[in-house]
Amino acid sequence: EDKVVQSPLSLVVHEGDTVTLNCSYEVTNFRSLLWYKQEKKAPTFLFMLTSSGIEKKSGRLSSILDKKELFSILNITATQTGDSAIYLCAVAYSGGGADGLTFGKGTHLIIQP
Amino acid sequence: DSGVTQTPKHLITATGQRVTLRCSPRSGDLSVYWYQQSLDQGLQFLIQYYNGEERAKGNILERFSAQQFPDLHSELNLSSLELGDSALYFCASSVSGYYGYTFGSGTRLTVV
């Protein structure tokens, strides 16, 4: 059975700290790994990673994928209160005419002023 | 606005009832996916449709059904509702999974 495991499940830090969120996976027909940020409602897209070892960056956020060890990390530097959210890791798969996403349970990140 | 429209935003109904959730995908997207998000289970895949045809089923209960219409909008029907069906239901769409998935803002279902 496909599995995506995120850790930690919950994290409380102070503004300005750097955080690292982890995602490991066991998914057949792997195509890519995606990170989403979920605040009040819909998950919003952050990154899509398809190749190992290539870091993707967007401002203070960055992410990298290791396809040999089957994990990814999401780093957030100089955290701000607006970074408080649930961060979701999802693995995109395809096969047999179907495709979709398998999600982890998410990391609930709280940034304290 | 992501371009994926879900209605209604909130729904409160009694146990045993039936409800219909609606999703209009982003313009040009042929695939629609339904997910259920509860506090303890995270986002669980329910079902995928592509251009009107069912493509994949996930953890969808037999009391639940879905369809995609010729105009590509989709409906998720939930019947004989139980308290445990209370959750956020998301619809996502894609033109091709290779280019990612766009989520709607969800329908919060509360069964009382």
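Hydrogens, waters and symmetry mates are skipped; everything else that's a heavy atom, side chains included, is used.
- Residue B:L72 is found in a hydrophobic cluster whose other members, listed by chain and number, are B:L30, B:Y50; membership requires side-chain heavy atoms under 4.5 Å apart, directly or through intermediates.
- At a 4.5 Å heavy-atom cutoff, the contact between B:L88 and chain A is made by side-chain atoms alone.
- In this pair, B:Y35 and A:F103 present their aromatic rings perpendicular. The plane angle is above 60°, beyond the 30 to 60° band.
- Chosen from A:I86, A:L101, A:T44, A:T50, the residue pairing most often with chain B at heavy-atom distances under 4.5 Å is A:L101.
- Ranked by heavy-atom pairs under 4.5 Å with chain A, the first of B:R108, B:Q44, B:Q37, B:Q6 is B:Q37.
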| task | Please assess A:Y25 against A:T102 for the test side chain to side chain donor-acceptor pair (under 3.5 Å), listing each intermediate value before the final yes or no. | result | CA-CA 9 Å; A:Y25 62 91; A:T102 299; over 6 Å; no
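- Here A:A98 is the residue among A:A98, A:A90, A:G106 with the most heavy-atom pairs under 4.5 Å with chain B.
- At a 4.5 Å heavy-atom cutoff, the contact between A:L88 and chain B is made by side-chain atoms alone.
- Counting heavy atoms from C-beta on, the side chains of A:L46 and A:S58 never come closer than 4.5 Å.
- B:Y89 pairs by the side chain to side chain donor-acceptor pair (under 3.5 Å) definition with B:Q36, not counting sequence neighbours.
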